[in-house]
J.: 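One structure, pasted below without further comment.
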Amino acid sequence: MLVTIVALALALAPFAVITALLVIAARVRRTREGAVARQIALTDAVYREFGPVVAPTVTKPIVGPWQVEIPVPFRRAEVVGGVLSLVHSTLASMDRPASERVRIVLTPQEDAPPTRAHAA
Amino acid sequence: MAKRILVALEGPDDPIVPLVSALARGGGASVRLMRVLPVPSVVEAAYRRTIATAVDEMARQRDRASSDLALAAAALDGVPVETTVRFGDLAHEVATEADAFDADLVAASSRRRTLAGFLWPRPGDRIGHRVSAPVLLLRDGRPAPDAPTRRTS
């Protein structure tokens, strides 16, 4: 009986490993696509509101919430505040629970490019 | 825009202070400045003579941290500010305080992921994933030129 069970387990092990790898690959692909979609949405939102002032980078660590890294001009507080609001509202429109635990990392932007006037 | 901002400070000249000041002024937010210190132990001299008990040492560190927070609060002129000093694990205390304050945003400074950041982490590097509010980290920010500093006499 035990021999049969072990033989069955050994026979099924490759299928289990392959299935697990497929699941992990699908999850990684979904996460990567989600990061790209969020980054595009954030970049578009910032561009619409402020022009080409900052370029956010969205990543999803293995452990922890979504992380948005943004080089911002610290001297322009109105831009920093506006960008933070935009990040929150944009992520909330895509995934409300995720937006409530997002990590926003601000890094200093040395030379801020000139902004264009908002079209609207 | 966040209305209740919890700030985990490293010291009075923490570079996050001017940024939080601008955010709070722009959004009409209230700010709670917090400092988390490790739980002190008994201070002993030679032959294990007690210089200060843990309670004495805690009171001394609390006073010093409170004066640091008061200096930082001075830079937030015109913004409703509260201060608090906690002892214990930073990640746990910040998460607890964020829940107690019902914070919309937790702000702290952090270092780039280098050896220096690993050896001398700022509060933002140690805030774990237990915080239920959005976390704002200022990485490699420099202290503002007009940031308050502790005077030594």
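Because only heavy atoms are used, hydrogens play no part in the values below, and waters and symmetry mates are left out as well, while side chains stay in. Convention: sequence-line order gives letters A, B, ...; per-chain numbering from 1. Everything numeric here is computed off the predicted structure, so don't read it as measured data.
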J.: Check each of B:L137, B:L138, B:I16 against A:L106 using the side chain to side chain contact (heavy atoms under 4.5 Å, CB included) test, and report the only one that passes.
T.: B:L138
J.: Applying the 4.5 Å side-chain criterion to the ILVMFWY set and letting contacts propagate, would B:V39 and B:L37 be lumped into a single cluster?
T.: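 Yes.
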J.: Counting C-beta onward and ignoring hydrogens, is there a side-chain heavy-atom pair between B:P134 and A:H88 closer than 4.5 Å?
T.: yes
J.: Looking at side-chain heavy atoms only, is the closest gap between A:I104 and B:V135 below 4.5 Å?
T.: no
